[in-house]
Structure formats: C-alpha cells, structure tokens
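Let me begin by presenting the structure, written as structure tokens, before commenting on it.
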There are 2 protein chains.
Amino acid sequence: MEKLTKRQNQVFEFIREAVAASGMPPTVAEIAVAMGVSSTNGIRGHLQALARKGVIELVPNASRGIRLLDQSEAEAEPLGLPIVGQVAAGSPILAQEHIEDHCRVDNDTFHPAADYLLRVKGESMRDAGIYDGDLLAVHRTSTANNGQIVVVRIEDEVTVKRLQIKGHMAYLHPENPDFDVINVNMKKQALDIEGVAVGVLRRL
Amino acid sequence: MEKLTKRQNQVFEFIREAVAASGMPPTVAEIAVAMGVSSTNGIRGHLQALARKGVIELVPNASRGIRLLDQSEAEAEPLGLPIVGQVAAGSPILAQEHIEDHCRVDNDTFHPAADYLLRVKGESMRDAGIYDGDLLAVHRTSTANNGQIVVVRIEDEVTVKRLQIKGHMAYLHPENPDFDVINVNMKKQALDIEGVAVGVLRRL
DNA sequence: AAAAGCACTGCTTATTTAAACAGTATTTAT
DNA sequence: ATAAATACTGTTTAAATAAGCAGTGCTTTT
C-alpha cells in the first residue's frame, strides 16, 4: 500500500474519529473546517488521494459519500474447535492430517464440553436429525451410557451410532430404517468408544 | 423502551443494514425507495417515531443525519451471538427482552454471517432436520429467494418456513406432512422477512 | 532546470437532501 | 364516539453538499 502524506493521514484520522463519534462520515466542508482549511477544494484533493491509495472509497454525488475501507491487521484469533473429516484406518481421530479446518465455536457451548467437530458421512443417523455433511460436536471419552449417540471405532472403522450394551454384546443402532443394526461381540471384536455426541452444527 | 410498530421495525432494520453495508446512514429518500414508499414524508414520520422511542437520534439539517442508538451488542464480541427465544408481537426480534442467553459462536462460522440464534418452537421443519428446541442461525435480511428457509413475520407472528413466492402470493412450506402450507396474499396481509436461515445448532 | 505532486484560496454550479405544507385513509386508544 | 397515532401521497422550498474551474506557492523528484 502506498504511504500517506502527513496531511493525508491527518484527514484520514479525522474521518475515522468522526465516524466513530457521530456514526456517519463527515461532509467535505466539515473536514475543511476541522483541518482549518477555508476551501472544500483543499480537502477534495486529499480525499481523491486517499481513495487512490485505497484507504477510503468515494461514492460519487452522495452526501457524506466516504466509505472507510478496513485494511485492519489480522488479529491473533483463537483457532476454536478442529473439524475432523475422513478418518484413516488405525490412526487417531485428532491426527493432524484429518483436520480439515477450524471453527471458532466456544467449547462450553455444549455440555459436556466438545473437543472436536466430526464431519458426518452418510445418512445412517438421519432420523436423529444428523445429516450427511453435518458437524457433530464430540466430547472425548472412552465410556458412554446406553442410549447415547457415540463415536466408535470397530475394526479400524470410525462410525457414529446410538449405543446399547447388553452383557458382552454391543448393538450400534442407526437412526434410519434403511440401515441395519451393527452387532458387536466384544469378546471377539474390539469396540473403542472415541467419544459421545454433545451437539450438531450444520451450515445451510 | 417503547415497542416499535411492524413498519417502524422494518425501517429500523433497513437503516441498520444500510449502515453495515455502506458505512453511512441512508438518506430519507433512500429509505423511501427501499420501503416502496413514493414520498419521503411517509418515512419522516417513521424516523420521528423511532427518534421519540429512542432507537435512533436525528441530527437536524444534516444529510444522512441518522444516528443509531442502542449499541447493546453492536461491539459485544465476547458475548457471541444472542439466543432469541419467544418473540412478542410487534417488537424487534433482537429486543433485549427476547434474548435468553448468548452463545460464543463466531458469526463467520456461517455464510452469510449469522446475526443471532433463534430457538425453534415446534416440529414443523422436522424433515429439514430442524427440531423443536434447535437453535437456528439467522442472517438478518429483508429479502430472500424462493427455496430458502426464512424467518418471517406474518400478522405479528414470527415463524420459520421454506419460502416460495409466486406473484403476490407467498407460500410458506413446512417440512413435515403433519403441517399445512401457509398461504399469504401479500396484497391483503403483510409478510415481513426477518432473515434467512444459515445454519442449525443443536445441543444434545 | 523542468516536471510532477502537494497543499491550498476563492468562486460557481448542479445535485442532493431535509423539511415543511396540505391533504387522505386506516388503525388504535381513550 | 372521539381523538390520537399510524401510514401514507404529492408538491414545494431552502439548505446542505459535491464537484467543477481557474489560479498561487511550495516541495520533491527526475
């Protein structure tokens, strides 16, 4: 960005202060008075220079037609919760390569607190209001109660289902009649609970 | 604070949107065009009413002399998005008394950005994956396209439906066969679009 | 040394804009 | 029932405002 002259900077600062103070941009005449300049034309040059240098935009023939363009420095923003996409077989859910993005959602939005957002694949939980592409807020835990929607890993596959445990059998219920219940004999097969669902976030 | 009429609310909303979009308040004539009113005088009355009710301040003889007051959550970033519950007839959706709570969700999680979260009542949008108690992320706007899920005000009632406009008829489609389509003849009944749904947030 | 840019004065003109006047019809409150 | 507030149409006027023209010094760059 081209540098402003000292005077241009004064004019720019005045415009910013005026907008902050009164909620509307100043007129050219108001700037002239504030700058101690007797002609509005003395200011017009500055405005055109500011517009050319990209810090403001001038709206032709509009009163107070000065638009501040924010070239605000990117502030150090908290990353928020990681969005986890496809999980490769055998690797931890929160491995770096699974993190598609971040979403600035406060983790205490949910109870218990969410640790990450899992992008849901498929329609198997449709009737629970969880659709393909939704972000499922997940609280990491290795224990869950019957009836909770859980993120589980069976034979290196990660899936989301409603949990029911009876003795050594685990039944993973989909919420869609087109899908079958998955039966897991925990004496023969490993069933790892990765977390419980604590919320849903969908972008329309 | 004294409640606004429906029309006054529309005018107030437009001013807010205009300030946000262009960085300066609109002229009376611009508001008149946006409201579909042929005389600026039709708007002056609204502005004076809004000033009397304390939501704006009018600067005499100044072009664009409209100052938005009530900076409540204008820069209340740490609070996050307001959660709006039951909306009383005739008052702005974001009126203080409707705000149940806040949720620290970054508004650019959604596109376009969400302005507030509306707590959904009833099951009429169930098959769109929007359930009773869900928080609907809403972008404030007074215009929407066919097929979008919108927040509308009909006869002072606020409701969420899928929008379809054909000529002077508006059809508000529920997403649940147990509910009927609402037909609104816009020549007879006012239909005010309060915003479009941009996301869903559910706490399990 | 010349050219370009900066920072103005002073004046004029056209457009934008707020605001006032004079009405009408409808709704809401007393 | 009456008054007040709401929600306008249509026109006019004057103030506010942007923008153009023609200059004057001064400083910085080429």
Side-chain angles (χ1 to χ4, degrees), chain A residues 2-15 18-19 22-53 55-67, chain B residues 1-15 18-19 22-67 88-92 153-156 186-192:
Chain A
E2 214 178 329
K3 266 191 167 181
L4 304 184
T5 68
K6 199 168 152 193
R7 195 63 167 154
Q8 284 164 5
N9 199 46
Q10 284 180 344
V11 171
F12 182 60
E13 284 305 312
F14 173 76
I15 297 168
V19 170
S22 72
M24 55 200 182
T27 65
V28 182
E30 282 166 4
I31 304 172
V33 168
M35 295 292 120
V37 162
S38 69
S39 172
T40 57
N41 248 17
I43 301 303
R44 279 192 59 75
H46 291 139
L47 292 179
Q48 279 157 2
L50 289 170
R52 182 169 42 76
K53 293 180 181 181
V55 297
I56 64 169
E57 190 188 329
L58 293 175
V59 184
N61 296 312
S63 67
R64 305 174 188 274
I66 299 168
R67 195 169 289 161
Chain B
M1 181 179 323
E2 213 178 332
K3 277 179 184 171
L4 304 183
T5 68
K6 202 163 58 180
R7 196 63 170 151
Q8 283 163 8
N9 195 44
Q10 286 183 333
V11 172
F12 182 59
E13 292 301 318
F14 173 77
I15 296 169
V19 170
S22 71
M24 54 200 182
T27 64
V28 181
E30 282 166 5
I31 303 172
V33 168
M35 294 294 121
V37 163
S38 67
S39 172
T40 57
N41 250 16
I43 300 304
R44 277 193 61 75
H46 293 310
L47 293 179
Q48 280 156 3
L50 289 171
R52 182 168 43 75
K53 292 179 181 182
V55 297
I56 64 170
E57 190 187 330
L58 293 175
V59 184
N61 296 312
S63 65
R64 304 175 189 273
I66 300 168
R67 195 170 289 163
S91 63
R153 191 188 288 263
I154 334 162
E155 302 287 307
D156 286 346
M186 291 186 286
K187 285 186 176 170
K188 294 177 180 172
Q189 252 185 320
L191 180 82
D192 297 309

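Each chain gets a letter, A, B and so on, in the order the sequences are listed, and its residues count up from 1.
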Give the C-alpha distance, both sets of side-chain angles, the deciding distance and a yes or no for side chain to side chain contact (heavy atoms under 4.5 Å, CB included) between B:Arg153 and B:Asn9.
CA-CA 11 Å; B:Arg153 191 188 288 263; B:Asn9 195 44; 3.9 Å; yes
Quick one: side chain to side chain contact (heavy atoms under 4.5 Å, CB included) partners of A:Ala34, sequence neighbours excluded?
A:Phe14
Mind jotting down which residue pairs meet the salt bridge (Lys or Arg N to Asp or Glu O under 4.0 Å) criterion with at least one end in residues 33-47 of chain A? Sequence neighbours excluded, please.
none
Sequence-distant partners of B:Arg67, salt bridge (charged side-chain N to carboxylate O under 4.0 Å, His left out), two or more places apart
B:Glu57
A:Glu13: partners by salt bridge (charged side-chain N to carboxylate O under 4.0 Å, His left out), with sequence neighbours left out:
none
Heavy atoms only: give me the nearest A:Ala32-A:Ser39 pair and the separation to one decimal.
CB-O, 4.1 Å
Using a cutoff of under 3.5 Å, can you pull out all pairs of nitrogen or oxygen atoms linking the protein to nucleotides 23-28 of chain D, with atom names and distances?
none

Can you tell me how far [atom2] of [N] sits from [atom1] of [X], to the nearest Å?
| X | N | atom1 | atom2 | answer |
| --- | --- | --- | --- | --- |
| A:Ile31 | C:dA7 | CD1 | P | 14 Å |
| A:Ile15 | D:dA18 | CD1 | P | 11 Å |
| A:Ile56 | D:dA18 | CD1 | C1' | 13 Å |

Counterpart residues, side-chain hydrogen bond (donor to acceptor under 3.5 Å, both in side chains), relative to A:Gln10 (two or more places apart)
A:Arg7
Under the rule for side-chain hydrogen bond (donor to acceptor under 3.5 Å, both in side chains), what residues qualify as partners of A:Ser63, not counting sequence neighbours?
B:Ser63, B:Arg64
Using atom names, set out every protein N or O paired with an N or O of nucleotides 14-17 of chain C below 3.5 Å, distance rounded to 0.1 Å.
from   : atom 1 : to      : atom 2 : distance (Å)
C:dT17 : OP1    : A:Ser63 : N      : 3.1
C:dT17 : OP1    : A:Ser63 : OG     : 3.1
C:dT17 : OP1    : B:Arg64 : NH2    : 2.8

As a quick check of understanding, evaluate side chain to side chain contact (heavy atoms under 4.5 Å, CB included) for B:Lys53 and B:Gln8, giving each step before the final call.
CA-CA 10 Å; B:Lys53 292 179 181 182; B:Gln8 283 163 8; 2.8 Å; yes
When you check every protein heavy atom under 4.0 Å of nucleotides 7-13 of chain D, what one-letter string (B, S, -) results, 5' to 3'?
SBBB---
Quick one, B:Val59 with B:Ile66, criterion side chain to side chain contact (heavy atoms under 4.5 Å, CB included). Give me CA distance, side-chain angles, the key distance, then yes/no.
CA-CA 6 Å; B:Val59 184; B:Ile66 300 168; over 6 Å; no
Side-chain N or O of B:Arg44 versus OP1/OP2 of C:dA18: is the shortest distance under 4.0 Å?
no
